[in-house]
K.L.:
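I am attaching a structure below and will ask some questions about it afterwards.
By convention in this document, chain letters (A, B, ...) are assigned in the order of the sequence lines, proteins followed by strands, and residues within each chain are numbered from 1. Just so you know, these numbers come straight off a predicted model, no measurement behind them.
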2 protein chains.
Amino acid sequence: MIELAVLGLLTEQDLHGYELRKRLRARLGLFSDLSFGSLYPALGRLEAAGAVTAVEQHAHAPAHSPAGAMPLTGSLSGERAAESSRRQAPVGGRSRRARKVYRITDRGRELFESLLSGEGSGRSGERYFDLRLAFARHLSREARIRLLERRRAELVRQLDESPAQGTPPTGRLDAYARSVVEHSRQAARHDIVWLDGLLATERSAGAERSAAPNGNPAGIAVAGTPVLDSPSESEESTR
Amino acid sequence: MIELAVLGLLTEQDLHGYELRKRLRARLGLFSDLSFGSLYPALGRLEAAGAVTAVEQHAHAPAHSPAGAMPLTGSLSGERAAESSRRQAPVGGRSRRARKVYRITDRGRELFESLLSGEGSGRSGERYFDLRLAFARHLSREARIRLLERRRAELVRQLDESPAQGTPPTGRLDAYARSVVEHSRQAARHDIVWLDGLLATERSAGAERSAAPNGNPAGIAVAGTPVLDSPSESEESTR
DNA sequence: GCCATGATATATCGAGGTGATATATCGATC
DNA sequence: GATCGATATATCACCTCGATATATCATGGC
């Protein structure tokens with residue numbers, strides 16, 4: 001599913017591998033190690049599939065589109081370095097380690113759409129959900145709501161299947177194991193509250209002005225002010 | 001690191017593959033898919049390394065130790081099934097699909113200890129931490145405290161590296177991506193509070209009675225009553 | 001009776017992710 | 001002027017996952 005992340009970033013701007021990694025890190029928060037050992041092979045697969053095309057980016061490439069559209073290094077110092085290297089470019093050689101800049105194709109955009117919605121055959125799980133949500137602005141509001149509700153249902157299901165403290169299998173665990181289980185349940189409850197906030201925002205935005213084009217719907221809950229849900233036991237929790 | 005989980009469970013009781021999976025599920029909460037595709041190869045590796053030995057468990061094995069010590073199926077119906085199949089056992093054949101029951105060896109116990117403490121060369125990350133904590137009763141209090149503090153330091157480091165909302169890279173993200181980042185930061189803060197609770201319990205237990213043998217130290221915080229930390233910005237957060 | 005379903009149980013395979021490592025270029029720092 | 005750290009691409013061995021195949025038995029519907 002690294003493909004989804006790569007395509008999502010390339011939808012917005014041409015980028016090279018190293019930069020893709022940094023952007024993804026910024027976009028996904030603490031998650032997202034994204035080792036090069038998976039990134040470069042993924043780029044290779046996408047290129048082979050015709051979803052992206054590589055544009056060797058080395059010296060003597062002066063006539064580029066106005067600032068902002070060109071592939072940046074992201075860090076200013078890094079970009080300055082590339083700039084200076086571009087000055088004294090030898091003919092065929094690369095003055096700096098050549099950066100392979102990738103651009104998404106139409107086929108890539110199709111693939112992105114289908115991976116993003118995750119409907120049908122897509123994988124689920126927290127990683128995949130976070131990734132999809134991070135690019136959710138490329139989805140229709142209806143698809144976003146379905147995405148959020150699918151994740152919510154999954155969390156509720158896991159909570160119901162997981163034994164609350166007291167039931168036979170959990171009762172036999174020692175305090176450390178119980179703490180791990182209970183903490184994971186707590187985290188799931190927090191996630192549900194978070195999702196409910198996002199869902200409420202989506203729905204109120206949809207009720208207000210259903211004719212809003214495709215722009216960023218006004219006020220998505222960002223921090224999600226983690227209101228703890230009621231201390232009632234999780235059984236039949238909002239199912 | 002499935003090895004750690006397998007060895008930890010086998011430390012407590014002889015078990016077969018299918019049962020290992022179920023126990024681990026109960027012990028680790030929502031995490032822990034643990035597919036057979038990784039479990040059985042792991043058992044094979046451990047057997048090859050001499051960390052566990054397999055005892056074919058099929059028919060005509062009547063003289064086993066008193067109830068409770070024998071490897072259970074876990075589900076009563078399953079055990080009853082095995083029982084009934086054991087009655088009419090053909091000579092060399094297996095009346096039921098033979099269960100390979102594994103037992104940990106001395107070498108396995110050594111390996112378990114070194115994997116559990118995770119000191120030196122052990123991997124980190126949330127999965128590994130949860131796994132280690134779930135078996136933390138096999139560690140000394142000092143090792144437990146080091147484990148908790150290593151995890152805490154890792155979370156603090158990630159929070160400090162991750163951009164708070166407002167700083168340049170985050171400011172350019174749309175509301176959905178910001179929400180994902182902020183939610184992951186929130187989760188990390190909750191984890192730190194949880195860890196602080198566990199650390200406080202360890203330390204107070206250590207102060208009260210430092211001569212407690214190896215039994216379960218009195219009252220480990222189980223649910224961790226998720227007190228939100230102050231809304232102050234994360235910069236220099238409790239580091 | 002008998003057949004479908006589902007739980008128990010082990011095993012293997014392809015696809016793909018991770019962490020480590022190698023290689024190369026350049027600025028900075030001392 | 002040498003090392004260090006950031007930039008940048010690439011590959012490797014090992015492992016994990018999800019799917020699938022196989023086999024046994026209980027249960028329950030018809």
K.L.:
Under the salt bridge (charged side-chain N to carboxylate O under 4.0 Å, His left out) test against A/E119, which residue among A/R132, A/R144, A/R146 passes?
P.N.:
A/R146

K.L.:
Between B/S124 and B/P41, which has a closest nucleotide on DNA chain C that is more 5'?
P.N.:
B/P41

K.L.:
In this structure, how many angstroms lie between the C1' atom of D/dT16 and the CG atom of B/L34, rounded?
P.N.:
10 Å

K.L.:
State plainly whether the residues B/E149 and B/R152 are in salt-bridge range, i.e. N to O under 4.0 Å.
P.N.:
no

K.L.:
Would you please test B/Q186 and B/E182 for side chain to side chain donor-acceptor pair (under 3.5 Å) and show each step?
P.N.:
CA-CA 6 Å; B/Q186 192 73 28; B/E182 209 33 57; over 6 Å; no

K.L.:
With heavy atoms under 4.0 Å as the rule, sort B/R21 into base, sugar-phosphate or nothing.
P.N.:
nothing

K.L.:
Can you see if the side chain of B/K22 gets near the phosphate of C/dA7 - specifically, an N or O under 4.0 Å from OP1 or OP2?
P.N.:
no

K.L.:
Return the value, rounded to whole Å, for the distance between atom CZ of B/R127 and atom P of C/dT18.
P.N.:
11 Å

K.L.:
Using atom OH of B/Y128 as one end and atom P of D/dT16 as the other, report the distance to the nearest whole Å.
P.N.:
7 Å

K.L.:
Can you work out whether B/Y102 or A/I2 has the more 5'-proximal nearest nucleotide on DNA chain C?
P.N.:
B/Y102

K.L.:
At under 4.0 Å, does any side-chain N or O of A/Y40 touch on OP1 or OP2 of D/dA10?
P.N.:
no

K.L.:
Measuring from the side chain of B/K100 (C-beta onward, heavy atoms only), which nucleotide among C/dT10, D/dT16, D/dT9 has the closest atom?
P.N.:
C/dT10

K.L.:
Choose from C/dT10, D/dA8, D/dT16 the nucleotide whose nearest atom is closest to any side-chain atom of A/H16.
P.N.:
D/dA8

K.L.:
Taking the cut-offs as 6.0 angstrom to the six-membered ring centre and 45 degrees off its axis, would you call B/R99 and B/Y18 a cation-pi pair?
P.N.:
no

K.L.:
Counting only heavy atoms not in A/R109, do more than 12 sit closer than 6.0 Å to its CZ atom?
P.N.:
yes

K.L.:
Below 4.0 angstrom from OP1 or OP2 of C/dG16, is there any side-chain N or O of A/S38?
P.N.:
no

K.L.:
Heavy atoms from C-beta onward define the side chain here; which of C/dA9, D/dT7, D/dG18 lies closest to that of B/S35?
P.N.:
D/dG18

K.L.:
With a cut-off of less than 4.0 Å, is there a side-chain N or O of A/Y18 near OP1 or OP2 of D/dT7?
P.N.:
yes

K.L.:
Using atom CG of B/L15 as one end and atom C1' of C/dT10 as the other, report the distance to the nearest whole Å.
P.N.:
15 Å

K.L.:
What integer distance in Å separates B/E3:CD from D/dC14:C1'?
P.N.:
11 Å

K.L.:
Do A/R157 and A/E154 sit within salt-bridge range, that is, some charged N less than 4.0 Å from a carboxylate O?
P.N.:
yes

K.L.:
In whole Å, what is the span from the CG atom of B/L20 to the P atom of C/dT10?
P.N.:
9 Å

K.L.:
Rounded to whole Å, please give me the gap between CD in A/E47 and P in D/dT9.
P.N.:
12 Å

K.L.:
Contact class for A/G37 (heavy atom, under 4.0 Å): base, sugar-phosphate, or nothing?
P.N.:
base

K.L.:
Whole angstrom is fine here: how far is it from CZ in A/R25 over to P in D/dT7?
P.N.:
12 Å

K.L.:
Identify which nucleotide among C/dT10, D/dT9, C/dG16 has an atom closest to any side-chain atom of B/F36, counting heavy atoms from C-beta outward.
P.N.:
C/dT10

K.L.:
Please determine if a side-chain N or O atom of B/R123 lies less than 4.0 Å away from the OP1 or OP2 oxygen of D/dC14.
P.N.:
no

